[in-house]
Amino acid sequence: MKRKQKVFLLVVLSGMLLACAGCVRIMTYTAVDTVMGTVSSQTIYSSREEDCFTSEIKDLIAGLEQDTLSWRVEGSEVARINAAAGSGAGVQVSEKLYADLEILLKLSEDSGGAFDITIRPVAELWDIDGWAAGENIFGKQPVHIPTEEQIALALSYTDYEKVLLEDGAVELPEGMALDLGAVGKGIACDRVFLYLQAKYVQGAVVSVGGSVVTIGKKPDGTQWQIGIVDPWDTSAFVGILYLEGTHFVSTSGDYERYVEVDGVRYHHILNPATGYPAESGVRSVTILCDSGILSDALSTACFVLGEERGMALAEAYGAEALFVDTEGNISMTEGMKQVFQER
Ligand code: ADP
Ligand code: MG
């Protein structure tokens, strides 16, 4: 073929390819499911003729809960670690869980223990899961407010420094137990991200409870919009985050799970130093960063630490943070100001 002909053919072929790219149809797949005891919503933009994304994501999150994170499901990795506490034998776990536990223990240390994955005995004493099931909220059962002695005893079985990670195995002392309740939804977002990345979708936004992952871009070129819940009116937002590309966002708030007894409000984010619900002058903390597990863990840690120390911790992790304090004031890191618009 002559050079001129070759060039002509190349031009025609590129023209056809461009025309084809222009006519690719982007499909939108949406679903809302109940997983991990919370609501998960998924919106996926893809040119591929696949409608299995959303059901596979649901299975993936349910499987993560079932096989790895739940302390209630016999045989899950966390349940096996807890069951072996005090036996002197380490429990071999998956590489992913081991890596996640390393991240969480480092954060426990960096937060001075404000975040503690061994909080389980105290959470159990308060019966936080009972509140979540609604039994207490609707007054079917009397709410159990623990005594100071009970709290002191439960606290003596918490201490992240006693968790032993060695050669892929995890070991706990007698009476201690792991609680990944603060990070399960963030870990789920990490796994959803890996799943969708391998599917080459054009864009997606998936939420699991108070944790969200955004991936790629929207077909219409507009930004992702993530609402930050108003703690005083959970059907409203205090503002919106406008994001482009891949991000992880998690919010921890005292309005998520709580009970009221004799006019006192008890919520589900505990201060590991006291064994009582954290009172740090904030009502919610939102973290924006490039990891689901960290956004979720940091939101809990920063809630316990309060605005000043929480802001410093978030910055040390290169994360953006937004605090809503008990007076309704909003404060945030510089990077968060760039993407947040108050309502
Ligand atoms: P939500 O579950 O509403 O997203 P969080 O992410 O803040 O809220 O997690 C709260 C859960 O984490 C509690 O139900 C408990 O199991 C656990 N938890 C509470 N306080 C702490 C803490 N200081 N450190 C680690 N885990 C905690
Ligand atoms: Mg959290």
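Of the possible polar contacts, none joining the Asp325 side chain to the Gly281 backbone as a donor-acceptor pair under 3.5 Å is found. At least one donor-acceptor pair under 3.5 Å links the side chain of Ser108 to the backbone N or O of Leu104. No donor-acceptor pair under 3.5 Å is formed between the side chain of Asp254 and the backbone N or O of His267.
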Compile the donor-acceptor pairs under 3.5 Å between side chains in residues 204-214 and protein atoms, sequence neighbours left out, one pair per line.
| from | atom 1 | to | atom 2 | distance (Å) |
| --- | --- | --- | --- | --- |
| Ser207 | OG | Ser41 | N | 3.4 |
| Ser207 | OG | Ser41 | OG | 3.1 |
| Ser211 | OG | Ser250 | OG | 2.7 |
| Thr214 | OG1 | Gly245 | O | 2.9 |
| Thr214 | OG1 | His247 | N | 3.2 |

Per-pair distances, 0.1 Å, donor-acceptor, side chain in residues 77-87, under 3.5 Å, sequence neighbours excluded:
| from | atom 1 | to | atom 2 | distance (Å) |
| --- | --- | --- | --- | --- |
| Glu77 | OE1 | Ser94 | N | 2.6 |
| Glu77 | OE1 | Ser94 | OG | 3.2 |
| Glu77 | OE2 | Thr68 | OG1 | 3.3 |
| Glu77 | OE2 | Ser94 | OG | 2.9 |
| Asn82 | OD1 | Leu178 | N | 2.7 |
| Asn82 | ND2 | Leu178 | O | 3.3 |
| Ser87 | OG | Ala84 | O | 2.7 |
| Ser87 | OG | Ala89 | N | 3.2 |

For residues 192-201, which side-chain donor-acceptor pairs fall under 3.5 Å, sequence neighbours excluded?
| from | atom 1 | to | atom 2 | distance (Å) |
| --- | --- | --- | --- | --- |
| Tyr195 | OH | Glu56 | OE1 | 2.5 |

Donor-acceptor contacts under 3.5 Å from residues 155-175 side chains, at least two apart:
| from | atom 1 | to | atom 2 | distance (Å) |
| --- | --- | --- | --- | --- |
| Ser156 | OG | Leu153 | O | 2.5 |
| Thr158 | OG1 | Leu155 | O | 2.8 |
| Asp159 | OD1 | Glu161 | N | 2.9 |

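Atom CG of Asn329 has more than 12 heavy atoms from other residues, nucleotides or ligands within 6.0 Å. Residue Gln225 qualifies as enclosed at atom CD: its count of foreign heavy atoms under 6.0 Å is above 12.
Hydrophobic clustering (ILVMFWY, side-chain heavy atoms < 4.5 Å, transitive): Ile287 and Val229 are in distinct clusters. Residues Leu125 and Ile128 share a hydrophobic cluster, clusters being chains of Ile/Leu/Val/Met/Phe/Trp/Tyr side chains in contact below 4.5 Å. If you chain together hydrophobic residues whose side chains sit under 4.5 Å apart, Ile240 and Ile330 never meet in one group.
The structure places CE of Met27 at 10.0 Å from OG of Ser47, a figure rounded to the nearest 0.5 Å. The structure places OG of Ser40 at 4.0 Å from CD1 of Ile61, a figure rounded to the nearest 0.5 Å. The line from CG of Leu97 to CD of Glu102 is 10.5 Å long, rounded to the nearest 0.5 Å. Interatomic distance, CZ of Phe323 versus CZ of Arg283, reported as 15.5 Å (0.5 Å rounding). Between the CH2 atom in Trp71 and the CG atom in Leu180 there is a gap of 9.0 Å [rounded to 0.5 Å]. Taken to the nearest 0.5 Å, the CZ atom of Phe303 stands 11.5 Å off from the OG1 atom of Thr251.
The side-chain heavy atoms of Thr28 and Thr43, taken from C-beta on, include a pair separated by under 4.5 Å. Inter-residue side-chain proximity for Phe53 and Ser46 is flagged as met; some heavy-atom pair is nearer than 4.5 Å. Residues Met311 and Ser331 meet the side-chain proximity criterion, which asks for heavy atoms closer than 4.5 Å. Two residues are said to be in side-chain contact when any heavy atoms from C-beta on lie closer than 4.5 Å; Gln223 and Val339 fail this criterion.
The ring of Tyr255 has its center no closer than 6.0 angstrom to the ring center of Trp232.
A salt bridge between Arg120 and Asp129 is present, with a side-chain N of the basic residue lying under 4.0 Å from a carboxylate O of the acidic one.
Between Trp126 and Tyr276, the two ring planes are perpendicular [angle over 60°; tilted spans 30° to 60°].
When every heavy atom of Val282 is checked against every heavy atom of Gly306, the shortest pair comes out as CG1-CA, 4.3 Å. Between Asp116 and Gly113, the shortest heavy-atom distance links the atoms CB-O, 4.0 Å. Nearest heavy atoms, Ala297 versus Leu107: CB-CD2, 3.2 Å. Heavy atoms only, all atoms of each residue included: Thr246 and Gly216 are closest at OG1-N, 3.5 Å. Summarising the geometry of Phe340 relative to Val238, their closest heavy-atom pair is CZ-O, 3.9 Å, with the distance given to 0.1 Å. Here the closest heavy-atom approach between residue Ala182 and residue Phe115 is recorded as CB-CE1, 3.8 Å.
Chaining together hydrophobic side chains whose heavy atoms lie under 4.5 Å apart places Val32 alongside Val39. The hydrophobic cluster containing Val73, built from Ile/Leu/Val/Met/Phe/Trp/Tyr side-chain heavy atoms closer than 4.5 Å, comprises no other residue.
Remark: Thr34 engages no residue in a side chain to side chain contact (heavy atoms under 4.5 Å, CB included) (not counting sequence neighbours). In this structure, Lys96 has no salt bridge (charged side-chain N to carboxylate O under 4.0 Å, His left out) partners at least two apart in sequence or on a different chain. Residues that satisfy the salt bridge (charged side-chain N to carboxylate O under 4.0 Å, His left out) test with Arg191, not counting sequence neighbours, are Asp100. Shown here are the salt bridge (charged side-chain N to carboxylate O under 4.0 Å, His left out) partners of Glu334, two or more places apart in sequence or in another chain: Lys337. Residues that satisfy the side chain to side chain contact (heavy atoms under 4.5 Å, CB included) test with Gln202, not counting sequence neighbours, are Ile26, Tyr45, Pro219. Applying the salt bridge (charged side-chain N to carboxylate O under 4.0 Å, His left out) test to Glu244 and every residue at least two apart in sequence or in another chain returns nothing.
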Decide side-chain contact (heavy atoms from CB on, under 4.5 Å) for Met336 and Leu288; before the verdict, give the C-alpha distance in whole Å, the side-chain angles of both, and the deciding distance to 0.1 Å.
CA-CA 8 Å; Met336 192 67 103; Leu288 164 68; 4.0 Å; yes
List the steps, then state whether side-chain contact (heavy atoms from CB on, under 4.5 Å) holds for Tyr317 with Lys106.
CA-CA 11 Å; Tyr317 270 79; Lys106 174 151 192 333; 3.8 Å; yes
Checking side-chain contact (heavy atoms from CB on, under 4.5 Å) for the pair Glu279/Thr326: CA distance, chi angles, key distance, verdict?
CA-CA 10 Å; Glu279 281 183 54; Thr326 47; over 6 Å; no
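Defined by atom type and a distance below 3.5 Å, a donor-acceptor pair is present between the side-chain atoms of Thr333 and Glu320.
With a 6.0 Å cutoff to the six-membered ring centre and a 45° limit on the axis angle, Arg343 does not count as a cation-pi contact of Phe237.
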